[in-house]
Structure formats: structure tokens, C-alpha cells
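I have placed the structure first, in the form of C-alpha cells, so that the comments after it can refer back to it.
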Amino acid sequence: MNDIGNVDYQGLIPNNVDLARDTRVKHALERWHPGYLNWWSDMGPEGFQEKLVYLRTAVSVDPKGWAKFDYVRMPEYKWGILLAPAVPDRKIGFGAHKGEPAWQEVPGEYRAMLRRLIVIQGDTEPASVEQQRALGKTAPSLYDMRNLFQVNVEEGRHLWAMVYLLQKYFGADGREEAEELLARRSGDPDTPRMLGAFNEKTPDWLSFFMFTYFTDRDGKMQLEALARSGFDPLSRTCRFMLTEEAHHMFVGETGVGRIVERTCQAMQEAGVEDPHDIARVRKLGVIDLPTLQKKANLHFSLTLDLFGSEISTNAANAFHAGLKGRFREERIDDDHVLERGTYPVLRLKDGNIVNEDVPALSGLNMRLRDDYVTDCNVGVARWNAVIDKYGVKFKIKLPHVAFHRHIGEFAAVHAEADGTILAEAEWEKRRDEFLPSAGDRAFIEGLMQPQYEPGKFAGWIAPPKVGIDNKPGDFEYVKVA
Ligand code: BYC
């Protein structure tokens with residue numbers, strides 16, 4: 001059994017990897033399963049575990065009909081292991097092994113590097129669920145609550161996807177890593193998650209939408225790069241994960257867009273023209289655009305850190321080995337080996353930000369980050385189109401890549417949103433101009449009152465244009481009663 005449509009949906013773990021006949025891995029996963037359910041019950045969405053939620057479940061890997069919608073209690077969600085269809089005779093597309101058949105087993109010499117990539121990817125998935133676990137209690141509508149839970153169960157499935165690879169291909173140390181993925185906790189000082197952005201809080205729904213817009217988009221870029229992997233099981237796993245990931249970014253983009261819309265609408269109704277008149281805008285019970293900009297600054301800059309350093313030997317090695325490619329590798333017109341050639345990278349030299357050509361292999365993190373920034377700007381333009389529609393004089397803008405960084409060259413300096421480098425004291429004095437202040441956070445948190453009536457929305461966010469699965473506006477996406 002393999003591939004399209006042939007998902008074994010009867011057993012405990014739905015899959016299209018013929019788990020029924022792979023008894024070693026099946027048993028390993030069955031041993032891991034109770035720990036996963038314990039983790040979900042301890043760290044998954046707080047307070048709604050017994051409620052029926054209208055969720056989509058992956059039931060096939062056919063792009064035309066891979067999901068089915070139904071009411072499910074989250075702990076009973078079918079977290080399955082699904083790989084995109086194998087590409088017959090697939091060849092490695094880049095690096096030193098370019099043109100060789102893709103690996104179906106782990107190449108011994110790259111075992112440690114590959115395991116590290118899989119563990120880092122795996123670690124982000126449960127981390128995001130932990131970060132978002134309290135949000136159900138302040139959901140602005142049942143529609144939004146359902147989208148939150150959808151994102152959460154799918155991040156849970158993405159953890160399964162990585163754990164499958166660890167259990168199947170990495171023996172005893174894979175099993176150990178799988179256990180540790182359940183033991184680390186987002187934000188815990190003793191056992192934190194591996195990457196910085198996944199230890200931050202997601203305290204309110206604007207943060208949730210910014211996170212799904214910006215940070216899930218890093219997920220997209222990293223999965224796109226790993227989908228090119230010469231290790232075929234990783235490639236196929238990531239290709240299917242990307243199908244689900246698209247909805248997460250949709251939730252983020254439309255979530256922020258709906259907040260922007262509601263703010264502009266409320267300003268128009270009240271005759272408020274100046275978007276910087278924060279006190280008047282806030283009195284309308286909506287989020288002012290300058291604060292929204294600060295939240296975007298925060299989440300964008302935290303996410304840029306996930307691309308690693310400007311100059312990276314790890315990234316060069318992973319590409320050279322054929323383990324991690326570039327965004328849309330096959331569409332790039334070069335030799336896909338990159339032993340010659342350069343890539344322009346922004347660097348810090350003598351306290352100034354300068355553009356420098358570096359060897360293409362060393363600059364791969366920046367190439368992926370540049371592709372990411374281009375992708376981010378598409379949604380930002382859509383938000384600005386909403387603002388324009390209402391004639392409000394304001395433009396949301398992504399901050400400079402040197403702004404508020406903790407990883408790489410710019411971690412050593414403080415830059416304002418336009419990239420101007422500030423002395424430490426000046427930065428401390430002006431920080432609240434660029435990032436949400438305690439007052440901004442308190443204002444937003446004060447707005448976060450739950451709205452659980454079907455078809456109703458909190459006053460600070462506009463309704464969506466269409467329902468999930470084409471359901472009508474008053475559909476009861478979560479049976480909270
Ligand atoms: N935090 O050579 P460098 C997602 C470390 S999101 C902490 O520049 P490299 C999702 C680095 O480990 C996508 N440490 O780094 C979204 C290295 O340490 P060692 C997640 C960091 O390896 C929303 C040293 O600094 N997937 O799926 O080129 C919801 C030198 O670094 C950080 C992946 O990221 C950091 N931010 O790049 C749910 C894919 N950055 O080895 C899910 C896999 C760097 O010297 N990961 N360091 O001890 C990778 O490709 C890369 O490892 C990284 C870093 C992009 C993370």
C-alpha cells in the first residue's frame with residue numbers, strides 16, 4: 001500500500017507508509033503515542049478538549065481531496081503519518097551528489113546533520129501549540145477558535161511526521177530524540193524549545209495572527225528547502241506538510257487583514273482621520289494601526305532570527321551534502337552546486353551596514369531569508385490595500401533586517417525600524433516607539449473578551465468573507481455550550 005488515496009485509516013495511526021507491515025516502527029510509535037496524548041492533554045489547547053470542533057483531517061495525499069471536515073473532539077483527532085506520493089526515479093537536485101538517485105535510507109556520513117535538521121523542525125511544532133494554548137479562552141468568534149484548533153492539531157500532526165522519521169530511520173537515538181520532543185517546553189528556563197521565537201509568548205490574538213503570518217511562513221520556507229532534500233522520506237514528508245501549512249498562513253494573513261479592516265471601518269464611522277491619534281482610535285474599541293505596526297515589527301524580527309547567521313557553514317554543509325536545498329531549487333538557473341559564485345549579503349562592518357558579496361554556499365541562509373521577505377511583502381501589500389480603500393493615511397512596512405535581532409551580525413547592535421543604528425541608551429529610550437510597550441500590551445489584552453455566540457465577532461475584528469468549508473456565517477464551528 002502506498003501513495004494517493006491509500007491511507008490506512010482503520011488502525012490507531014492513520015498512515016500511507018504501510019505501518020501495518022512495519023512492525024518495529026509501528027510498535028515504537030505505539031509506545032510513543034500515550035506520551036504524546038499526555039503531552040497534548042497537559043500542553044494542548046486549554047479548556048476545550050471535550051468540545052466538538054469542526055476540523056479537517058487529512059485522509060489522503062491526493063491534492064484534490066486530501067481532507068475531510070467533521071466534528072471531532074481534539075484528543076480523538078486522527079494524527080496520521082502521510083507522505084506525498086513518491087516521484088519515480090527521483091534524483092538529488094543539488095550539491096555534491098547532484099544527479100544521483102535520491103536516498104531511501106539515511107546516508108551514513110550525513111546521519112548527524114540530518115538528524116539535527118529533523119529534530120529542529122520537529123521541535124518547533126509542539127512549541128507553537130504550547131505557545132497558543134490559552135487563546136481559546138479569549139477567542140473573538142467560534143470561527144477563529146476553530147481555526148486556532150485546526151492549526152494546533154495540524155502542528156501536532158507535523159510533530160508526528162518528524163517523529164516517524166526519527167523512529168524509522170534513526171534507531172535508538174531517534175527514539176530518544178522523539179521522547180525529548182515531548183519533554184521540552186516553550187519558555188521553560190530549564191528545558192526550553194530549541195529556537196528563540198518558539199520560547200516567546202503568544203499572549204493575544206493579534207500576536208497569534210502575526211505568528212501564523214510571519215513565523216508559519218518561516219515554516220513554509222524551511223519546509224520548502226527540506227522538501228528538496230536528497231533524503232527522499234524527508235522530502236515527501238515536507239511536501240505533504242506544506243499542503244496543510246498554506247491554511248495556517250491564510251489564517252494569519254486574513255486575521256491581520258480583518259483587524260485592519262475593522263479599525264479603518266470604525267475610524268471612518270467615527271470620523272477619525274488621524275491614524276496616529278491613538279487615544280481616540282482606542283476609544284472606539286479597536287486596535288490602532290501604529291500598535292499593529294509594532295506587533296508586526298516584533299514578530300517579523302523574531303522570525304528573521306530563525307534563518308540563522310548571515311554566514312553559515314552549517315547551511316553550506318547541508319546544501320553541499322544534498323540535505324537542504326533552496327526555495328524552489330529546480331526553478332533557479334545556475335549549476336545547483338554553488339562551488340563558485342557569490343551572493344550579496346547585508347553585513348555589519350565597522351559599525352556600518354554594508355552589502356557584501358560572499359561565497360554563494362556561505363550565504364544560503366540569507367538567500368532563503370531574502371525569499372522569505374519577498375513572500376512576506378505580498379500579504380503586507382494586501383493589508384495596505386485595505387487601509388487605502390478606507391482612505392486612511394497609513395502604510396504598514398516591514399522593518400529593516402537589522403532591527404531587533406538576537407542572532408547573526410546585527411545582534412551586536414541596536415537599530416531602529418528603518419535600520420539606523422542607535423547607541424544603547426538611545427535605543428532604551430526609544431524602544432517603545434518600535435516595539436509593543438507594556439501599555440500597548442495591556443490595551444490589547446483588555447480587548448480580548450471571548451465571543452462564543454455563533455455568527456458573532458468581537459468588536460475589534462471584521463467577520464471573514466467566507467466560512468470554512470463554505471459554511472454559512474452563523475455556523476457553530478465549536479460546540480462550546
Ligand atoms: N536560535 O550556522 P548557523 C516551523 C545556532 S518554523 C537558536 O547560522 P544554521 C513552524 C545554530 O543551531 C521552521 N540557535 O545556523 C512555524 C548553530 O549552532 P551549532 C523550523 C540558533 O544551522 C510555526 C549556531 O547558532 N525549521 O516549522 O545555518 C509553527 C550557528 O548558526 C538559531 C527549521 O528551522 C536560533 N534562531 O541555521 C510551527 C529547519 N539560529 O550547530 C512550526 C531546520 C542559529 O553551532 N533548521 N542558531 O551548535 C535549520 O535549517 C537551521 O538549523 C537553522 C539555523 C535555520 C535553525
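Counting convention: from 1, in listed order, for ligands and their atoms alike. Here, residue 1 is the first one in the sequence, and each next residue gets the next number. Because only heavy atoms are used, hydrogens play no part in the values below, and waters and symmetry mates are left out as well, while side chains stay in.
- No more than 12 heavy-atom neighbours from other residues, nucleotides or ligands sit within 6.0 angstrom of NE2 on His320.
- A cation-pi arrangement is present between Arg217 and Tyr213, with the terminal nitrogen or guanidinium carbon under 6.0 Å from the aromatic centre and inside a 45° cone about the axis.
- Distance alone, capped at 3.5 Å, is enough to place a donor-acceptor pair between the Arg56 side chain and the Glu244 backbone.
- Enclosure of atom NZ in Lys201 is not indicated, since only 12 or fewer non-hydrogen atoms of other residues, nucleotides or ligands lie within 6.0 angstrom.
- Across Thr124, Asn199, Asp123, a single residue satisfies side chain to side chain donor-acceptor pair (under 3.5 Å) together with Arg193, and that is Asp123.
- Here the closest non-hydrogen pair linking Glu200 and Gln131 is O-NE2, 2.9 Å.
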Between the protein and ligand 1, are there any N or O atom pairs that come within less than 3.5 Å of each other, and if so, what are their names and distances?
residue	atom	partner	partner atom	Å
ligand 1	2 (O)	Ser312	OG	2.7
ligand 1	2 (O)	Asn314	ND2	3.2
ligand 1	8 (O)	Ser309	N	2.6
ligand 1	8 (O)	Ser309	OG	2.8
ligand 1	12 (O)	Arg116	NH2	2.7
ligand 1	22 (O)	Arg116	NH2	3.2
ligand 1	22 (O)	Asn314	ND2	3.1
ligand 1	26 (N)	Gln121	OE1	2.6
ligand 1	27 (O)	Gln121	NE2	2.8
ligand 1	27 (O)	Thr124	OG1	3.4
ligand 1	28 (O)	Ser312	OG	2.7
ligand 1	28 (O)	Asn365	ND2	2.9
ligand 1	36 (N)	Asp305	O	2.9
ligand 1	41 (O)	Arg116	NH2	3.4
ligand 1	41 (O)	Asn314	ND2	3.4
ligand 1	50 (O)	Lys324	NZ	2.4
ligand 1	52 (O)	Arg116	NH1	3.4

